[in-house]
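Below: the structure, in structure tokens.
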Amino acid sequence: MMRQEKILLTPGPLSTSLATRTAMLKDWGSWDGDFNALTASVCADLLAIANGQAQHCCIPLQGSGTFAVEAAIGTLVSKSSKILVLNNGAYGQRMQKIAQKIGLNVATLSWPDGVPVDPAALDAALSADPSIGYVGLIHCETATGLLNPLSDIADIVASHGAELIVDAMSSFGALDIDLARMPICALIAASGKCLEGVPGMGFVIAKTSAIALAHGNSPSLALDLADQYDYLQRTGQWRFTPPTHVVAALRAAIDQYQAEGGRLTRLARYTANAKVLIESLSQAGLALFLAPELQAPIILTFHAPRHPEYQFAAFYQAMSQRGFLLYPGKLTTVETFRVGCIGAIDPAQLQQAAHAIIDVLTQLGWLNSQPKHSTIQ
Ligand SMILES: *Cc1c(COP(=O)(O)O)cnc(C)c1O
């Protein structure tokens with residue numbers, strides 16, 4: 001009997017299409033002109049998705065998304081300046097930690113999990129401290145699924161003459177980010193999120209003028225984006241071994257993204273995925289952690305059932321046996337679990353996942369589900 005592959009509700013890695021995985025069956029030489037053309041075409045398309053052709057460039061980087069965040073902060077922020085990190089979750093905290101590790105002057109504005117960045121508080125902080133030259137923001141805080149008000153924040157940062165660096169890891173390609181309309185110095189994202197490639201490559205879409213001024217900033221050799229960009233410009237090649245199969249898979253994933261209809265079509269599918277989950281689970285008595293108006297259709301955080309014996313590990317195992325992989329909660333004060341809406345998955349699969357969640361929790365005795373409609377099959 002054929003074993004069905006598991007559906008990853010863990011963004012990311014996430015479920016990818018057969019076409020994307022098939023694109024990895026060929027080996028590429030890193031000196032090969034064909035591979036250089038592949039890199040160039042991927043970077044050009046990423047830049048176009050952000051509408052950044054006028055003033056920005058796209059710099060690819062080996063590694064997971066965090067490598068690209070560390071590279072962007074280390075390359076763009078000069079030691080003589082200061083970065084203000086806007087923190088309302090685990091990824092904001094990680095950005096703060098990265099900036100501190102690099103040895104930068106770091107200020108932080110924090111909000112509790114589930115509370116969006118307050119543009120007025122940011123405005124006041126920038127007025128109070130003119131030495132802040134950079135602001136770091138997480139667009140969609142994947143720890144909860146919260147969407148921060150990017151456009152308002154970008155305008156405020158620009159009005160103070162500061163530069164905005166955005167971790168758009170879990171939003172790029174699906175949510176509205178328009179570099180022609182929003183004053184943003186740099187966007188950071190990766191292959192294996194809303195673009196539905198495989199993990200292994202990050203990229204930074206940065207103002208070309210900012211990269212030109214950034215030589216000598218980075219305390220790291222491998223994570224120096226100014227050097228990476230220079231080398232790419234001069235030779236068409238990556239510095240150091242490129243993740244060839246990841247680039248090929250991303251090329252195929254972007255082809256499918258474009259064929260599917262681009263950003264709005266992708267957003268519509270993710271929105272439909274999220275809707276199915278929210279409706280089914282809330283009917284069964286599982287409450288969303290966030291207020292609905294703050295929720296991005298990327299990853300959903302649900303309160304765990306209020307049962308004294310609830311354990312995520314057992315829940316995870318039972319769901320895995322049903323063919324679905326979940327994410328644990330990432331909050332310290334409340335017991336939660338997370339379900340991703342992104343990847344090559346559609347509402348029918350999310351409906352099956354919702355049924356499985358309700359069924360498993362009911363069987364484990366942790367959910368007393370008396371659904372209003374019959375949601376259990
Ligand atoms: C996925 C993600 C990252 C990168 O995480 P890695 O584990 O390094 O890939 C960074 N920021 C956000 C908001 C993310 O969702």
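Both ligands and their constituent atoms are indexed starting at 1 by order of listing. Residue indices begin at 1 and follow the sequence shown. All figures in this text were calculated on a predicted structure; none of them were measured in a lab.
- The shell of residues lying under 4.0 angstrom from ligand 1, judged by heavy atoms, includes Lys193.
- Ser280 and Gln351 share a donor-acceptor pair across their side chains, judged by distance under 3.5 Å alone.
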- request: Go through the steps to decide whether Arg181 and Asp176 satisfy the test salt bridge (charged side-chain N to carboxylate O under 4.0 Å, His left out), and finish with yes or no.
  value: CA-CA 10 Å; Arg181 201 159 35 81; Asp176 180 26; 2.9 Å; yes

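- Per-residue contacts place Thr142 under 4.0 angstrom from the following atoms of ligand 1 (heavy atoms of the residue considered): 12 (C), 13 (C), 14 (C), 15 (O).
- Near Ser64, meaning under 4.0 Å from any of its heavy atoms, are these atoms of ligand 1: 6 (P), 8 (O), 9 (O).
- Counting the atoms of ligand 1 from 1 in the order shown, those under 4.0 Å from a heavy atom of Cys140 are 13 (C).
- Between Asp167 and Arg94 there is no salt bridge, since none of the side-chain N atoms of the basic residue sits less than 4.0 Å from a carboxylate O of the acidic one.
- Only the side chain of Ile138 comes within 4.0 Å of ligand 1, judged by heavy-atom distances.
- Considering backbone and side-chain atoms together, Thr66 places an N or O closer than 3.5 Å to an N or O of ligand 1.
- Ligand 1 has no atom lying under 4.0 Å from any heavy atom of Met95.
- For Arg94, every heavy-atom contact with ligand 1 shorter than 4.0 Å involves the side chain, none the backbone.
- Between the side chain of Arg263 and the backbone N or O of Ala174, at least one donor-acceptor pair lies under 3.5 Å.
- With hydrogens and angles ignored, the 3.5 Å screen pairs no side-chain donor or acceptor of Arg266 with any backbone N or O of Glu260.
- Using a 4.0 Å cut-off between charged nitrogen and carboxylate oxygen, Asp359 and Arg322 count as a salt-bridge pair.
- In terms of protein heavy-atom proximity, atom 3 (C) of ligand 1 is closest to Met169 CG, 3.4 Å.
- At least one N/O-N/O distance between Gly65 and ligand 1 falls below 3.5 Å.
- In the vicinity of Ser170, heavy-atom distances shorter than 4.0 Å reach the ligand 1 atoms 15 (O).
- At the top of the distance list for atom 11 (N) of ligand 1, counting protein heavy atoms only, stands Asp167 OD2, 2.6 Å.
- With hydrogens and angles disregarded, a donor-acceptor distance shorter than 3.5 Å links the side chain of Thr301 to the backbone of Thr144.
- Checked by atom type and distance alone, the side chain of Asn88 never pairs as donor or acceptor with a backbone atom of Trp111 at under 3.5 Å.
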